[in-house]
*Asks:* 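Here it is: the structure, laid out below.
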Amino acid sequence: MKKFIPILIFFILVLTATFYLSKGSINEFKDFLVEENIEYKEVSINPNSTFDKRLLGKKPHHLQITSDVFLHIYKYPSNAIAQKAKENFIRKTEMLDMTGHNLYVADEMFIILEFDGRLNDANRSIGAKIEEFK
C-alpha cells in the first residue's frame with residue numbers, strides 16, 4: 001500500500017503539470033493572434049453545439065473573431081493526439097449538416113475555424129495565420 005501512494009502523487013503531479021502546460025500554449029496562440037492584428041474575444045457558446053463537445057476528454061476554448069467567425073481550440077499533450085481529435089471530429093460529424101468550418105492541427109492543438117456562409121478572403125486569411133502558427 002505504501003508503494004502506491006508515491007505513484008498516485010506522481011500521477012496527480014503529471015496531470016496538474018499537463019493542465020498548466022496546455023493553458024500556456026493556448027495563451028501563446030492568443031498572443032500570436034494579437035501580434036497578427038486579429039482581434040477576438042473569449043466567449044461561451046451553446047453547450048448543445050457540436051463545436052462545444054468534448055473530444056478525447058478535452059473541452060474547447062472559444063474565441064469569437066467576428067459575429068459569424070469563431071475559433072474552437074482543443075489543447076492536447078502532442079500533435080499526434082490533436083490529429084486523433086481531428087479525425088474523431090470528422091468521424092462524428094461527417095453525416096451532419098453543419099455550418100462552414102476548416103480544421104487545423106497546430107502546436108499540439110486541434111483548431112476549428114467556424115464561419116457562417118461561404119469561405120471568404122477574411123476567413124482564408126485567418127486560416128493562413130493558423131497555418132503559420134504551426
Side-chain angles (χ1 to χ4, degrees):
M1 184 70 168
K2 289 183 179 181
K3 290 183 179 181
F4 292 112
I5 292 174
I7 293 171
L8 180 63
I9 291 171
F10 176 75
F11 183 71
I12 290 170
L13 289 173
V14 168
L15 285 176
T16 303
T18 300
F19 174 78
Y20 285 109
L21 288 174
S22 296
K23 291 284 190 182
S25 203
I26 289 174
N27 287 334
E28 288 173 15
F29 180 68
K30 291 190 289 190
D31 291 344
F32 172 77
L33 293 176
V34 170
E35 289 171 12
E36 296 296 324
N37 297 316
I38 298 174
E39 295 182 17
Y40 66 86
K41 67 179 180 178
E42 295 187 46
V43 294
S44 296
I45 65 170
N46 182 338
N48 296 324
S49 169
T50 301
F51 297 109
D52 196 43
K53 301 295 183 205
R54 284 187 177 275
L55 285 175
L56 303 181
K58 300 287 185 176
K59 288 284 285 176
H61 297 266
H62 307 287
L63 304 179
Q64 183 176 12
I65 307 298
T66 66
S67 62
D68 60 351
V69 177
F70 294 85
L71 294 176
H72 310 286
I73 307 165
Y74 295 83
K75 176 67 176 112
Y76 295 98
S78 71
N79 277 335
I81 297 173
Q83 183 64 39
K84 285 184 192 283
K86 177 181 174 182
E87 293 164 5
N88 190 307
F89 180 83
I90 292 168
R91 189 171 49 258
K92 287 182 175 184
T93 61
E94 64 189 350
M95 300 303 284
L96 300 177
D97 183 22
M98 297 176 60
T99 185
H101 61 278
N102 287 343
L103 310 176
Y104 305 89
V105 172
D107 196 31
E108 301 174 344
M109 292 180 285
F110 168 46
I111 302 171
I112 303 169
L113 169 62
E114 174 195 2
F115 48 91
D116 191 19
R118 301 182 79 117
L119 185 63
N120 60 31
D121 289 341
N123 299 340
R124 281 188 194 92
S125 174
I126 294 168
K129 295 299 180 187
I130 294 170
E131 291 283 340
E132 278 180 35
F133 190 71
K134 290 182 181 184

*Asks:* Report the distance from atom CD1 of Ile112 to atom CG of Leu55, rounding to the nearest 0.5 Å.
*Replies:*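 Answer for the CD1-CG pair, Ile112 versus Leu55, is 6.5 Å.
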*Asks:* Should Phe89 and Thr50 count as side-chain neighbours, where that means a heavy-atom distance under 4.5 Å?
*Replies:*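 A side-chain contact under 4.5 Å exists here.
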*Asks:* Heavy atoms, side chains only, cut-off 4.5 Å: are Ile130 and Asn102 in contact?
*Replies:*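 No - every pair of side-chain heavy atoms lies 4.5 Å or more apart.
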*Asks:* Hey, are the side chains of Lys53 and Lys92 touching, using non-hydrogen atoms and a 4.5 Å cut-off?
*Replies:* no
*Asks:* Classify the ring geometry between His62 and His72 as parallel (under 30°), tilted (30 to 60°) or perpendicular (over 60°).
*Replies:* perpendicular
*Asks:* Would Glu87 and Lys84 satisfy salt bridge (Lys or Arg N to Asp or Glu O under 4.0 Å), going step by step from the backbone distance to the final call?
*Replies:* CA-CA 5 Å; Glu87 293 164 5; Lys84 285 184 192 283; 5.9 Å; no
*Asks:* Could you tell me whether Phe29 and Phe133 have their ring centroids closer than 6.0 angstrom?
*Replies:*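 For Phe29 and Phe133, the ring centres are under 6.0 Å apart.
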*Asks:* Do the non-hydrogen side-chain atoms of Tyr74 and Leu56 ever get within less than 4.5 Å of each other?
*Replies:* no
*Asks:* Mind checking whether Asp52 and Asn46 have side chains closer than 4.5 Å, heavy atoms only?
*Replies:* no
*Asks:* Which is it for Phe115 and Ile65 under the side chain to side chain contact (heavy atoms under 4.5 Å, CB included) test, yes or no, and what are the steps along the way?
*Replies:* CA-CA 10 Å; Phe115 48 91; Ile65 307 298; over 6 Å; no
*Asks:* Parallel, tilted or perpendicular, judged at 30° and 60°: which one describes the rings of Phe51 and His101?
*Replies:*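 Ring orientation of Phe51 relative to His101: perpendicular.
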*Asks:* Evaluate the side-chain proximity of Glu42 to Lys30: yes if any heavy-atom separation is below 4.5 Å, no if none is.
*Replies:* yes
